[in-house]
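From a predicted model like this one, the values you see are computed outputs, not experimental measurements.
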Amino acid sequence: MKTGEIAAEDRKVALFNLGFAYSAFLIGTLCGLLQVFIRNDALKLPEWLDYYQILTAHGLLLAIVFTTFFIFAFFQAGMSRTLGAFGPKVRLWNWVGFAVTALGTILVVVMVVAGQASVLYTFYAPLQAHGLFYVGLALFVIGTWIQGFSLVGHYAVWRRNHKGELSPLFAFMAIATIILWVIACLGVVATVLFQFIPWAFGWTSGINVELSRSLFWYFGHPLVYFWLLPAYMAWYVIVPKIIGGKVFSDSLARLSFVLFILFSIPVGFHHQLTEPGISSFWKFLQTVLTFMVIIPSLITAFSMFATFEIRGRELGGRGLFGWIRKLPWRDVRFTSIFIAMAFFIPGGAGGIINASFQMNEVIHNTLWVVGHFHITVGTPVAMTFFGLTFWLIPNLTGRRFTKSLQKLAFLQIATWSIGMLLMSTAQHLLGLLGAPRRTAYTGYAHDDALAWFDGLLTNHVTMAVGGSILFLSAVLLVFIVIQLWWLAPKADEQTYEAFPIAESDSSMTPRFLENWKIWIGIAFLLIALAYTIPLAEIIQHAPPGSGRFQTW
Amino acid sequence: MHLHKYEKIWLGFGVIALIIFLSVVGVSAFAQGHAPSSGHMTIDPEKVRETAPFDQPGLHKKEDGTYEVAMIALTFGYEPSKLQVPAGKEITFTLTSEDVVHSFSIIGTNVNMMAVPGQINHRTHTFKEPGSYLVICNEYCGSGHHFMSTEIEVVEQ
């Protein structure tokens with residue numbers, strides 16, 4: 001068996017992260033299944049279990065745990081693949097980081113299961129979970145920082161040994177994502193360490209609620225780009241290789257990642273448009289900054305379709321759209337990610353609606369938002385990760401992604417797409433009719449609320465049908481993961497599942513794109529511009545702090 | 001950095017669309033007054049019922065002929081729990097919470113306000129049609145969150 005691609009020791013840490021990710025995935029999707037049945041009054045939970053406990057677990061396990069562990073597995077494998085095997089220090093600190101992240105996760109999960117933390121994944125004050133819940137959150141973030149910084153260390157060694165060279169595109173993008181993540185986490189770390197932990201343990205008596213919300217959303221929006229950028233890495237670097245093409249433009253790819261660092265952070269107020277304490281001017285300024293991410297998004301869309309068209313024409317596609325038929329649709333590694341991209345078109349458009357200042361009132365905290373993030377993180381990101389899983393696990397375990405498993409994989413992505421289409425369409429439409437998010441069975445005795453159970457698509461039952469298909473799809477995926485991990489036949493040199501990295505011509509790429517000092521500097525300038533005055537106002541005009549409430 | 005001609009057109013189209021979108025949103029907000037709810041006043045969350053206007057929750061007619069509704073959100077309901085307002089009149093909802101974060105969202109309208117403890121939120125609305133409007137809390141506030149609702153009777157005057 002060919003084993004030269006990724007060092008065996010590095011594969012192990014990536015596999016541990018993947019194992020953790022998929023364990024969370026299975027439990028998280030099961031929670032989702034329970035939710036859709038409760039919401040249409042088809043299921044009553046036993047006394048010891050509560051809807052909001054399950055909802056907290058669903059959000060945390062899928063949006064935070066699955067994504068983060070998967071992302072670090074992908075980064076560790078890809079950094080070892082493109083920059084060479086880790087040194088002993090990098091390897092050690094990756095393990096330490098993994099252990100701390102896992103410990104934090106377990107602490108959080110124990111608190112949720114114990115009923116001590118039904119505060120949902122946004123943990124808005126003054127709902128007060130057990131102090132250890134916040135300690136778990138802090139450990140989780142610190143663990144990701146340790147893993148992130150050890151990868152930065154690996155990259156720094158490579159650059160020292162390759163003076164004057166641009167780093168491989170994969171490594172560049174991974175480092176950009178880690179920079180984004182570290183800067184974003186400053187907000188949540190500040191609120192957890194300085195507000196929540198002292199307050200939850202009773203060392204302080206009151207909490208500034210509006211400040212904690214603002215610090216949370218300073219983190220909460222770049223968080224979504226922390227999910228999205230690794231998916232973009234797959235789109236930019238992995239997919240062109242799978243279809244036999246090249247990266248369309250190395251410089252545009254790097255430019256778009258730099259722009260995401262700049263414009264995904266100073267924008268958190270667009271999650272707080274309908275709340276008091278922040279003046280309309282600052283809300284509007286952050287709306288404008290939010291919209292700037294449209295530019296790198298359009299660059300990405302152009303690059304993807306340019307890559308596809310160039311490759312489709314190389315394969316003999318003629319006419320305006322003939323190249324589409326020539327793309328390797330029978331390769332599930334490609335098709336899965338293509339569908340993921342297609343879902344992002346309405347997903348991104350919906351995001352523009354959500355952030356559009358006064359238009360936010362129409363959909364804020366309705367089921368529309370739930371529909372929105374299921375066709376952003378729930379499909380474009382998650383299904384890209386599925387598409388990566390199909391070759392990443394056999395690459396790491398030295399097994400084969402057999403024909404029969406490929407067929408199952410097609411069934412898996414087809415069911416995920418259909419389930420998501422039904423569920424998210426129903427959620428979007430119900431949201432427009434006012435149906436709220438984050439709510440157990442909504443039996444409000446009013447005609448407007450009864451209409452939420454009436455339509456063909458605008459119906460909680462349609463949502464439940466979609467959710468059930470999604471859970472079946474999730475089980476199928478976990479089955480495929482287990483096969484690829486332990487049961488599929490061992491690969492030999494011919495059948496070895498490669499780690500695809502597309503060729504990217506960086507000879508014309510300006511060097512300043514990899515001068516991180518410039519970009520981190522500008523990022524902090526924009527953050528200071530967007531946040532200094534409004535946060536100072538929230539602190540200066542603070543009302544007496546809020547006490548501790550456990551209302552669940 | 002080399003840009004393909006089509007990419008220039010594509011990005012140019014995107015940037016122009018962006019400017020148009022933001023202009024529409026901005027003009028609508030600041031020239032026509034369609035801004036989302038907001039407020040600058042703070043309040044002691046433990047003394048809500050001793051502080052005006054929440055010491056007298058409910059509908060009040062102001063000197064200029066418009067109306068104000070002082071509304072307290074609490075787990076798991078609203079104070080006042082019954083509310084009747086006139087159709088066709090400008091009504092300012094003034095909202096706060098005396099415990100955790102809630103919302104005050106009137107189904108079928110664009111009134112969708114967060115109730116944040118310690119902060120006072122405002123939103124002006126004119127009901128064109130009389131009838132019964134459902135109000136719900138759409139921010140998770142605890143085990144009874146899905147029971148937190150009220151109705152507003154809008155009547156002709």
Side-chain angles (χ1 to χ4, degrees), chain A residues 50 52 120 124 126-127 208-210 213 249 251-252 255 272-280 283-284 287-288 291 294-295 298-299 302 306 352 356-362 364-366 434 436-442 444 446 448-449 508-510 541-547 549 551-552, chain B residues 1-4 6-7 10-11 14-15 17-18 21-22 25-26 28-30 34-46 75-76 95 99-101 103 105 107-108 110-114 116-122 132-134 136-146 149 151:
Chain A
D50 175 68
Y52 297 105
L120 309 193
Y124 289 141
L127 289 172
N208 183 341
V209 174
E210 192 53 31
R213 292 173 66 82
S249 163
S251 51
L252 279 173
L255 176 69
Q272 303 172 273
L273 290 170
T274 66
E275 66 193 60
I278 307 162
S279 76
S280 289
K283 288 178 183 172
F284 188 75
T287 296
V288 173
F291 276 42
I294 292 172
I295 294 167
L298 290 179
I299 293 177
F302 188 93
I352 296 173
S356 287
F357 203 54
Q358 66 279 70
M359 223 192 292
N360 179 259
E361 289 187 314
V362 181
H364 182 69
N365 276 349
T366 69
R437 71 183 281 202
R438 301 182 141 180
T439 308
Y441 170 58
T442 46
Y444 307 114
H446 190 281
D448 287 345
M508 303 290 282
T509 305
H541 302 295
S546 280
F549 293 89
T551 55
W552 61 88
Chain B
M1 212 173 325
H2 172 73
L3 276 182
H4 192 280
Y6 289 158
E7 176 135 31
W10 169 248
L11 285 179
V15 169
L18 192 61
F21 282 5
L22 284 170
V25 169
S28 164
F30 297 104
H34 297 300
S37 58
S38 66
H40 301 291
M41 301 296 285
T42 59
I43 184 171
D44 184 338
E46 283 175 9
T75 50
F76 300 101
L95 174 73
D99 42 51
V100 300
V101 178
S103 93
S105 304
I107 304 301
N110 284 344
V111 178
N112 190 352
M113 315 164 67
M114 298 299 290
V116 179
Q119 306 279 343
I120 299 173
N121 207 357
H122 299 284
S132 158
Y133 288 77
L134 175 66
I136 59 167
C137 171
N138 66 18
E139 182 56 86
Y140 169 66
C141 55
S143 55
H145 165 53
H146 48 289
S149 68
E151 280 180 30

Trace of the side chain to side chain contact (heavy atoms under 4.5 Å, CB included) decision for A/Arg213 with B/Met114: CA-CA 12 Å; A/Arg213 292 173 66 82; B/Met114 298 299 290; 3.3 Å; yes
Close side-chain approach of B/Trp10 and A/Ile299, heavy atoms under 4.5 Å: no
Candidate pair B/Leu3 and A/Leu252, rule side chain to side chain contact (heavy atoms under 4.5 Å, CB included), full reasoning: CA-CA 8 Å; B/Leu3 276 182; A/Leu252 279 173; 3.6 Å; yes
Contacting moiety of A/Leu127, where chain B heavy atoms sit under 4.5 Å: both
Closest heavy-atom pair and its distance - B/Gly14, A/Leu298: CA-CD1, 3.4 Å
Heavy-atom pair with the smallest gap, counting every atom of B/Thr42 and A/His541: CG2-O, 3.1 Å
Which of B/Gly39, B/Ala35, B/Ser103 touches chain A most, by non-hydrogen pairs under 4.5 Å: B/Gly39
Chain B contact via A/Phe291 - side chain, backbone, both or neither, heavy atoms under 4.5 Å: both
Which atom of B/Ala29 lies closest to which atom of A/Gln358, heavy atoms considered: N-NE2, 3.3 Å
Heavy-atom side-chain proximity of B/Phe76 to A/Thr551 below 4.5 angstrom: yes
Residue selection (most heavy-atom pairs with chain A, distance under 4.5 Å) from B/Val111, B/Thr75, B/Val101: B/Val101
Contact class of B/Ser28 relative to chain A, heavy atoms under 4.5 angstrom: both
Pick from B/Asp44, B/Leu11, B/Leu22, B/Ile107 with the largest number of heavy-atom pairs that fall under 4.5 Å of chain A: B/Leu22
Interchain contact, B/Ser38 with chain A, by part (heavy-atom threshold 4.5 Å): both
Distance in Å, A/Ser249 OG paired with B/Glu7 CD, rounded so as to fall on 0.5 Å steps: 7.0 Å
Chain B contact via A/Ile352 - side chain, backbone, both or neither, heavy atoms under 4.5 Å: side chain
A/Arg437 and B/Tyr140, any side-chain heavy atoms less than 4.5 Å apart: no
Any side-chain heavy-atom pair of A/Pro126 and B/Pro117 under 4.5 Å: yes
Per-residue contact mode, B/Ile43 against chain A (heavy atom under 4.5 angstrom): backbone
Shortest non-hydrogen contact between B/Asn121 and A/Thr274, atoms and distance: ND2-O, 3.0 Å
Verdict with supporting geometry, A/Phe357 and B/His34, side chain to side chain contact (heavy atoms under 4.5 Å, CB included): CA-CA 9 Å; A/Phe357 203 54; B/His34 297 300; over 6 Å; no
A/Pro544 vs B/Glu46 side-chain heavy atoms within contact, under 4.5 Å: no
Chi angles and distances behind the side chain to side chain contact (heavy atoms under 4.5 Å, CB included) call for A/Ser280, B/Phe30: CA-CA 9 Å; A/Ser280 289; B/Phe30 297 104; 4.1 Å; yes
Check: B/Ser37/A/Glu361 side-chain N/O donor and acceptor closer than 3.5 Å: no
Ring-ring centroid check B/Tyr6 A/Phe302, cutoff 6.0 Å: no
Distance-only polar pair, side chains of A/Thr439 and B/His145, donor-acceptor under 3.5 Å: yes
Expected output: side-chain B/Asn138 to main-chain A/Pro436 donor-acceptor under 3.5 Å: no
Toward chain A, the part of B/Ile120 with a non-hydrogen atom under 4.5 Å: backbone
A/Tyr444, part contacting chain B, at a heavy-atom distance under 4.5 Å: side chain
Residue of the set B/Met113, B/Gln119, B/His122, B/Met41 for which side-chain contact (heavy atoms from CB on, under 4.5 Å) holds with A/Pro276: B/Gln119
